[in-house]
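Data block below; observations after.
For the numbers below, each heavy atom of this structure counts, side chains included, while hydrogens, waters and symmetry mates do not.
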Amino acid sequence: MLKDIAPPPAADLLLGFDTSDDAAVYRLDDRTAAVLTLDFFTPVVDDPYEFGAVAAANALSDVFAMGARPLVALNILAFPCSLGKDVAAEVMRGGADKVREAGAIVAGGHSIDDDEPKYGLAVFGTVHPDHIVRNADAQAGDVLFYTKRLGTGIMNAAFRAGLADEEALQPVIESMMALNRAGAEAMLEADAHAATDVTGFGLVGHLHEMLEASGAAAVLNWEALPLFDGVLDFSRDFCRPGKTFDLIEWASTFVTLEGLDDEEADARMGVLCDPQTSGGLLVAVPPKAEGAFAKAFQEQTGRTPAKIGRVVAGAPGTIEVR
């Protein structure tokens, strides 16, 4: 249906609807292209400041995933007046702090009265037209890295169900608030072929989009996936976001897990399809540059990015998990 509202071809529109990329890119001149995105959602944490920080980090990730630099952000705020100005101010303070950390500025925005709180950002950034990191250029042989831990959806579901306490949730909140700036700078250092941030379609959903656009397949190493503590056990107990079950049905057409009984395969699919909030970057790096990527990322974060698999020749969009 997007084809019905897609713009007509334009030489200066470098990225639009075609490949499910993270942002639109429009060439301004031979040296500069504008990167534009927006993202907002309902609260995923209880603290207003943390909610604002998570939502802002999530929106900024779309710009970082393109290898671009965010410059200006606009607030998108839908909030019930009954909650008062102080709560809304804390949400926007959390967002502003993340925008500032990203090296950009908040320059305004728009708010409406709404029964259900929502917050996010519209973000403008820039990138050299020749240095855009798309999701459609992964090549067979590329190493796949992931820069955060997986399982934010499951861990939030477990917390809401009383199965995980605040101590267990804190690393999840810190991860969601973390910017993907270091990952973006590392992938530029390593001349990454392709990248995307992992959000609502889960790891395999976003990888599928990358592979389909690139005309390639992938093999993932289950043991290499970086999971929050307890995630697989919660998935085995069907403590998952409601959206996960639809994602599993969709992903079953392009994901294979060999040598597992049905229950274990389903539990692992629950993790692979877990919708992430402000997830990490999924980056396809040429083999000769995998050391450069890991080194650059570790120098900036003190963490090692997870090497989770490889891009291979095969039916476009298909994923084998070993």
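Atom-to-atom distance recorded for Asp12:CG and Leu28:CG is 8.5 Å, nearest 0.5 angstrom. Between the CG atom in Asn221 and the CD1 atom in Ile308 there is a gap of 9.5 Å [rounded to 0.5 Å].
For Ile248, the side-chain contact (heavy atoms from CB on, under 4.5 Å) criterion is met by Arg240, Thr244, Asp266, Met269, Cys273, not counting sequence neighbours. For the side-chain contact (heavy atoms from CB on, under 4.5 Å) test, residues two or more places apart in sequence or in another chain that qualify with Leu71 are Arg69, Phe124, Thr126. By the side-chain hydrogen bond (donor to acceptor under 3.5 Å, both in side chains) test, Asn180 is found to be paired with Ser61, residues two or more places apart in sequence or in another chain being considered. Evaluation of the side-chain contact (heavy atoms from CB on, under 4.5 Å) rule for Ala217 yields Val312, Thr318 as partners, not counting sequence neighbours. By the salt bridge (Lys or Arg N to Asp or Glu O under 4.0 Å) test, Asp237 pairs with no residue at all, sequence neighbours left out. Residues meeting the side-chain contact (heavy atoms from CB on, under 4.5 Å) test with Glu101, sequence neighbours left out: Lys98, Leu179. Under the salt bridge (Lys or Arg N to Asp or Glu O under 4.0 Å) criterion, Arg303 pairs with no residue at all, not counting sequence neighbours.
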Item to check | From CA spacing to verdict: side chain to side chain donor-acceptor pair (under 3.5 Å), His193, Asp137 | outcome: CA-CA 6 Å; His193 285 155; Asp137 296 327; over 6 Å; no
Next on the checklist: For a side chain to side chain donor-acceptor pair (under 3.5 Å) check, start with the C-alpha distance between His206 and Thr199, then their side-chain angles and the critical distance, and finish with the verdict.
Outcome noted: CA-CA 8 Å; His206 288 282; Thr199 53; 3.3 Å; yes
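Nearest heavy atom pair, residue Asp62 against residue Asp197, reads OD1-OD2, 3.2 Å. Between Ala190 and Ala289 the shortest heavy-atom distance is O-CB, 3.3 Å. Nearest heavy atom pair, residue Gly270 against residue Ser235, reads CA-OG, 3.5 Å. Nearest heavy-atom pair, Phe159 versus Ala164, reported as atom, atom and distance to 0.1 Å: CD1-O, 3.2 Å. Heavy-atom minimum distance, Ala57 versus Met177: CB-O, 3.7 Å. Across all their heavy atoms, Ser175 and Lys148 have their closest contact at O-NZ, 2.7 Å.
Asp274 and Gln276 share a side-chain donor-acceptor pair at under 3.5 Å.
Remark: side-chain polar atoms of Asp29 are paired, donor with acceptor, to backbone N or O of Arg31 under 3.5 angstrom.
Enclosure of atom CG in Asp86 is not indicated, since only 12 or fewer non-hydrogen atoms of other residues, nucleotides or ligands lie within 6.0 angstrom.
Residue pairs that meet the ring-ring contact (aromatic ring centres under 6.0 Å, His included) test with at least one member in residues 292-322, sequence neighbours left out, are Phe145-Phe293. Within the structure, ring-ring contact (aromatic ring centres under 6.0 Å, His included) contacts touching residues 96-116 (residues at least two apart or in different chains) do not occur. Sorted by first and then second residue, the salt bridge (charged side-chain N to carboxylate O under 4.0 Å, His left out) pairs involving residues 249-262 (not counting sequence neighbours) form an empty list. Listed by first and then second residue, the side chain to side chain donor-acceptor pair (under 3.5 Å) pairs involving residues 281-296 are Glu290-Lys307 (not counting sequence neighbours).
Ion pairing between a basic and an acidic side chain is recognised when a charged N comes within 4.0 Å of a carboxylate O; Lys243 and Asp246 show no such pairing.
A 4.5 Å side-chain heavy-atom check between Ile76 and Tyr119 finds every atom pair outside the cut-off.
Evaluated for a side chain to side chain contact (heavy atoms under 4.5 Å, CB included) with Val133, the options Leu188, Val127, Leu281 yield exactly one hit, Leu188.
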What side-chain donor-acceptor pairs closer than 3.5 Å can you find for residues 44-54, not counting sequence neighbours?
| residue | atom | partner | partner atom | Å |
| --- | --- | --- | --- | --- |
| Asp46 | OD1 | Arg160 | NH1 | 3.1 |
| Asp46 | OD2 | Arg160 | NH1 | 3.4 |
| Asp47 | OD2 | Tyr49 | N | 3.1 |
| Asp47 | OD2 | Glu50 | N | 2.9 |
| Tyr49 | OH | Asp97 | OD2 | 2.6 |

